[in-house]
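Quick notes on the structure that follows.
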Protein chains: 4
Amino acid sequence: MAGTAGKTLPTAAKAGAEVRPRRRRKDARPQELTAAALALFVEKGFAATRLDEIAARAGVSKGTLYLYFDSKEALFKAAIEEGVLPAIEAGEALLDEYGDDPVGLVRGFLRAWWEQIGSTAYGGIPKLMFAEAANFPEVARYYNEAVIQRGVALLRTAVARGIASGVFRPVELSVISPLLISPLIHLATWRNSIAPLCGAGVDPDCYLETHIDLVLHGLCAGKKPDGEQR
Amino acid sequence: MAGTAGKTLPTAAKAGAEVRPRRRRKDARPQELTAAALALFVEKGFAATRLDEIAARAGVSKGTLYLYFDSKEALFKAAIEEGVLPAIEAGEALLDEYGDDPVGLVRGFLRAWWEQIGSTAYGGIPKLMFAEAANFPEVARYYNEAVIQRGVALLRTAVARGIASGVFRPVELSVISPLLISPLIHLATWRNSIAPLCGAGVDPDCYLETHIDLVLHGLCAGKKPDGEQR
Amino acid sequence: MAGTAGKTLPTAAKAGAEVRPRRRRKDARPQELTAAALALFVEKGFAATRLDEIAARAGVSKGTLYLYFDSKEALFKAAIEEGVLPAIEAGEALLDEYGDDPVGLVRGFLRAWWEQIGSTAYGGIPKLMFAEAANFPEVARYYNEAVIQRGVALLRTAVARGIASGVFRPVELSVISPLLISPLIHLATWRNSIAPLCGAGVDPDCYLETHIDLVLHGLCAGKKPDGEQR
Amino acid sequence: MAGTAGKTLPTAAKAGAEVRPRRRRKDARPQELTAAALALFVEKGFAATRLDEIAARAGVSKGTLYLYFDSKEALFKAAIEEGVLPAIEAGEALLDEYGDDPVGLVRGFLRAWWEQIGSTAYGGIPKLMFAEAANFPEVARYYNEAVIQRGVALLRTAVARGIASGVFRPVELSVISPLLISPLIHLATWRNSIAPLCGAGVDPDCYLETHIDLVLHGLCAGKKPDGEQR
DNA sequence: CATGAATGAGAGTTCATTCAT
DNA sequence: AATGAATGAACTCTCATTCAT
């Protein structure tokens, strides 16, 4: 276990070797593989994606995948996990910024989700998770708890505060979060499914801002939602 | 018939048939098969669904599928087509009923979609189509044109009329339809993916009515949306 | 089960019916089936021929085949048997006619084989038997003994008599029969394999007569083979 | 190497290899596979040969076949192609040797065909092509043009020259080639079909030389064919 | 007798996984 | 560490055979 193949993944740069010029940044390998995998899983689904394709897209051989992941399933889980972290982190940041501004928090959440998740390579993850939920229930449960429920709680809190402070009309809190986020998830899903088959489609920014405008008007009832227009 | 998966498709599975008659009506067969297929495709995706399972769920043998469909792919297409017709027909009916009442048409469309599509076995089709779009581009294009774009046009017309008649504020028509329908699609998708893995979840009626309330308030701006609350 | 559609196909016209005008000759059915089977077996081989096709060509349903034959294999054997009888009978007749005329017997045998076997639907049997020998060894052995060896013996006797009477040169009797018959088998095989794919091909009569001319010249050495030219 | 089936194809089966190395030379593989395939196709026909058997005979797994060939059909075509090249090449060589000696060319052609084709593993190809012609018309056409017609032309030319130079009697050139070669094809077919089921059978050399003797006597009419008797 | 819907064992084919190099 | 040839279990699809009508 000591001097066999010498995994060089993490730290110590191979003890006695003097110069080693070509060494990928630290170890980007696993991330490259999960990124390639994620893209293909999103596009075609888990079962329809061949390891050959993933390997080819990552520029390695099929066997190499098994140096980093135990199985196709493990690769799937890693890809999801990888793609889920940004979402979690992004959520935390928002609370700090808009902790006491309900309207800003809602607007900020939606815009941030689109910018940092929906419009990126991670935008396909919701579609992927919905599609594979029955095949990977543990992963789906993890995703639900670690990502969805966290976001749901965040949004709900924001709206609750808005109601408490009189900025928002009273609305049913138990359903407000999915109502606010689902149009964005839908757009992200659309762009990762049917959009590539058709031309054009809606303009994301217009879609996003119209959504924000609409729901804030809806939430604020007669009261004018604050004038900020980005 | 209890409270499990809520299947509303035609005959399918024939409840308690322990003796399997060797020769059944040749006519109902295809629908039974596509119904079984659709349920499984929605649950697990196309590639992860085995023909064995479909046959078993339909109460026939594997070979029987090939008496009615040329291939797994043909069965998939037939299942989609079968599940798509109700949506098309339902749309037409609405225009007749609410042709000149924008608010009623929007509310009617959303409620009808949920009742006749979203809450039935067909509610999984959007998820399925999004998941398989890249693998079945022609089917996805057909679905987009025959179902989505038609519904989009219907909703857009309704809103446009509402704006013209002063009932609605001016909003961006190019994005309004997906904004109105996506929460419902999301709920249907949710019920066909993660919901079975977790308990409870949101109450569909509450979700639906809150959505309607929210967007109509959003659309009507300061004006009171007509009082109907169901 | 009585007065439904009134099948009129086969035999007894429905028990109590008085006149029964349309009744196929005795029972031609089995022969029709074996004939259809033989034609297809010859064309495509045993394994590549589907029972559907045979049934279709015979104008019956697939199930009907099983009323007359226990299995595809049984049908094959029956088809061969059926197609082999004429060959056996034809051989007997020749001996009576040309018993003491070696040249006439050789010439008669070759001409008769072509006319009664090679140029008919039975002409494909040799090809079929050669192709299926390994898959149906018993049938092949039967064919070899009942048909081939009998013909071989006949021809050899004829040549032996010709040599004894000084009409023919001495030649190796153990190989003379296949040498005499193989060009005809080859032509029959050709017509049942490659000929249908190409145009034209050789003229059978010219081929046959040239063969007869050639081998009789070869057998008669310097002596003039008797002048008969058909 | 004893007296059984007389296989002369390349490597094939590798005699006594009880330990099967996991990785073998990627280069010899295809020939080993086509050789195994050809032997079985000849024996049992295309449809009756299972890929399992071919793989087993070649000492590989079923999946390995698909590393080298796209389908069973592709393997069939490759096997034919592989087995056809020697025949083509052998033909060319003969013309150089016997270009101006009709008797020698005819005799040389027949002897060479038997030695290099008929008595080898390739001797089963004619039977195979005749059997599968209807199922693989393109292959049959290719075989006809690339092999048969070329040989036919060669023999016809030889005889034509013999007639022109007065060595041979005038005979119908359009049929002479198949008449000369068909006894050899027949013998080769026989050895690949019925012979294995019966004992003994004719002696190939005796058969061959008697054929040559007979047809040369037939062609030379009264004239003595040159004395060579091997 | 005749049919043809239904069956299920078996064949061709795919692809995740292994391992000698 | 990386490769890719090889594997074999699992899948789709075919078709001889059965049997209710």
Side-chain angles (χ1 to χ4, degrees), chain A residues 4-9 14 24 27 29 47-55 59-75, chain B residues 20-26 29 47-55 59-73 75, chain C residues 1 4-5 7-15 29 47-55 60-75, chain D residues 20-26 29 47-55 59-73 75:
Chain A
T4 40
K7 299 246 179 191
T8 332
L9 272 197
K14 200 108 203 180
R24 275 199 239 239
D27 223 22
R29 225 350 121 62
T49 299
R50 300 205 324 274
L51 287 184
D52 285 320
E53 299 176 271
I54 297 175
V60 302
S61 81
K62 202 168 28 160
T64 299
L65 295 176
Y66 283 84
L67 294 177
Y68 297 92
F69 304 97
D70 284 344
S71 65
K72 190 187 184 186
E73 195 167 326
L75 177 54
Chain B
R20 192 197 305 162
R22 197 178 170 80
R23 172 84 148 286
R24 293 208 283 187
R25 62 273 120 177
K26 167 121 163 92
R29 256 307 146 71
T49 299
R50 301 202 317 280
L51 288 180
D52 287 327
E53 299 176 275
I54 297 175
V60 301
S61 79
K62 207 170 21 165
T64 300
L65 296 176
Y66 285 87
L67 292 178
Y68 298 93
F69 304 98
D70 284 344
S71 64
K72 190 186 184 185
E73 193 167 325
L75 178 54
Chain C
M1 225 166 268
T4 39
K7 301 250 180 179
T8 331
L9 270 197
T11 44
K14 215 90 195 204
R29 217 4 109 64
T49 299
R50 300 206 319 278
L51 287 183
D52 285 321
E53 299 177 272
I54 296 175
V60 301
S61 80
K62 201 168 30 160
T64 300
L65 296 176
Y66 283 85
L67 295 175
Y68 297 93
F69 304 97
D70 285 345
S71 66
K72 190 185 184 187
E73 195 167 324
L75 178 54
Chain D
R20 191 198 305 163
R22 197 177 169 80
R23 171 84 149 283
R24 293 208 284 189
R25 63 271 121 177
K26 168 124 163 89
R29 258 305 147 72
T49 299
R50 300 203 317 281
L51 287 181
D52 287 325
E53 299 177 274
I54 296 174
V60 301
S61 80
K62 207 168 24 159
T64 299
L65 295 176
Y66 284 86
L67 293 179
Y68 298 93
F69 303 98
D70 284 344
S71 65
K72 189 186 184 185
E73 194 167 325
L75 178 55

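Computation of the quantities below employed the complete heavy-atom set of this structure, encompassing side-chain atoms and omitting hydrogens, waters and symmetry-equivalent molecules. All chains are named by letter (A, B, ...) in the order of the sequence lines, taking the proteins before the strands, and each is independently numbered beginning at 1.
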Footprint string (nucleotides 10-16 of chain E, 5' to 3'): B base within contact, S backbone only, - free, heavy atoms under 4.0 Å: BSSBBSB
Gap separating the CG atom of D:L75 from the OG1 atom of D:T49, nearest 0.5 angstrom: 10.0 Å
Smallest separation among heavy atoms of C:E53 and C:A48, with atom names: OE1-O, 3.8 Å
Non-neighbouring partners of A:D70 that pass side-chain contact (heavy atoms from CB on, under 4.5 Å), sequence neighbours left out: A:A74
Which nucleotides of DNA chain E pair, in dot-bracket form (Watson-Crick or G-U under 3.5 Å, | meaning another strand): .||||||||||||||||||||
Test side-chain contact (heavy atoms from CB on, under 4.5 Å) applied to D:V60 and D:R29, step by step: CA-CA 10 Å; D:V60 301; D:R29 258 305 147 72; 3.6 Å; yes
d(CG, C:L75; P, F:dC15) in whole Å: 16 Å
Rounded distance (nearest 0.5 Å) linking atom CZ of C:R50 with atom NZ of C:K72: 9.5 Å
Rounded distance (nearest 0.5 Å) linking atom CG of C:L51 with atom CZ of C:F69: 11.0 Å
Whole-Å gap separating C1' (F:dT17) and CD1 (C:I54): 14 Å
Side-chain N or O of C:R29 closer than 4.0 Å to phosphate OP1/OP2 of E:dC1: no
Interatomic spacing from CG in C:L65 to CG in C:D52 - rounded to 0.5 Å: 9.0 Å
Distance in angstrom units between D:L65 CG and F:dA5 C1', rounded: 13 Å
Distance, rounded to the nearest Å, where B:Y68 contributes OH and E:dG4 contributes C1': 10 Å
Atom-pair distance (CZ on C:F69; C1' on F:dA16), nearest Å: 16 Å
